[in-house]
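Sequential numbering from 1 along the given sequence is applied to the chain's residues.
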Amino acid sequence: MSLTLQFRDATSVRKEIAIRGESIAIFSKRIGVNYSLMTEYLNNKKHPPTAKKIAKGLDKEIKDIFFI
């Protein structure tokens, strides 16, 4: 069984990345997520199976930034 997650607020995630002084491209490279996929996740076109990497990259818990 696969769990599908959706960002609670993709705009807040974008802002958090920017506040850290990173672009989406730099952030996605740092956490090991393909840039194209990361933008699709942020646009809610795909649901990220890499939620743990994204949350860890922002020093957050998965439940803080995704609906479960």
Enquirer: Considering all heavy atoms of both residues, which atom of Ala10 and which atom of Leu42 are nearest to each other, and what is their separation?
Expert: CB-O, 3.1 Å
Enquirer: How far apart are the closest heavy atoms of Lys53 and Ile31, and which atoms are they?
Expert: CD-O, 3.2 Å
Enquirer: With a 6.0 Å cut-off (strictly less than), is the heavy-atom count around CD of Glu61, excluding the residue itself, greater than 12?
Expert: no
Enquirer: List the residues meeting side chain to side chain contact (heavy atoms under 4.5 Å, CB included) with Ser23, not counting sequence neighbours, and say none if there are none.
Expert: Ala25, Ile26
Enquirer: Applying side chain to side chain donor-acceptor pair (under 3.5 Å), name anything that partners Asp64, two or more places apart in sequence or on another chain.
Expert: none
Enquirer: Kindly write out the residues that satisfy side chain to side chain contact (heavy atoms under 4.5 Å, CB included) with Ala18, not counting sequence neighbours, or none if the list is empty.
Expert: none
Enquirer: Going by the salt bridge (charged side-chain N to carboxylate O under 4.0 Å, His left out) test, which pairs reach into residues 15-32, not counting sequence neighbours?
Expert: Glu16-Arg20, Arg20-Asp59, Glu22-Arg30
Enquirer: Please confirm whether the ring centroid of Phe7 lies under 6.0 Å from the ring centroid of Tyr41.
Expert: no
Enquirer: Rounded to the nearest 0.5 Å, what's the gap from CZ on Phe66 to CG on Asp9? Could you check?
Expert: 12.0 Å
Enquirer: Could I get the full list of ring-ring contact (aromatic ring centres under 6.0 Å, His included) partners for Phe27, not counting sequence neighbours?
Expert: none
Enquirer: Can you name the nearest heavy-atom pair linking Met38 to Ile24, along with the distance?
Expert: CG-CG2, 3.8 Å
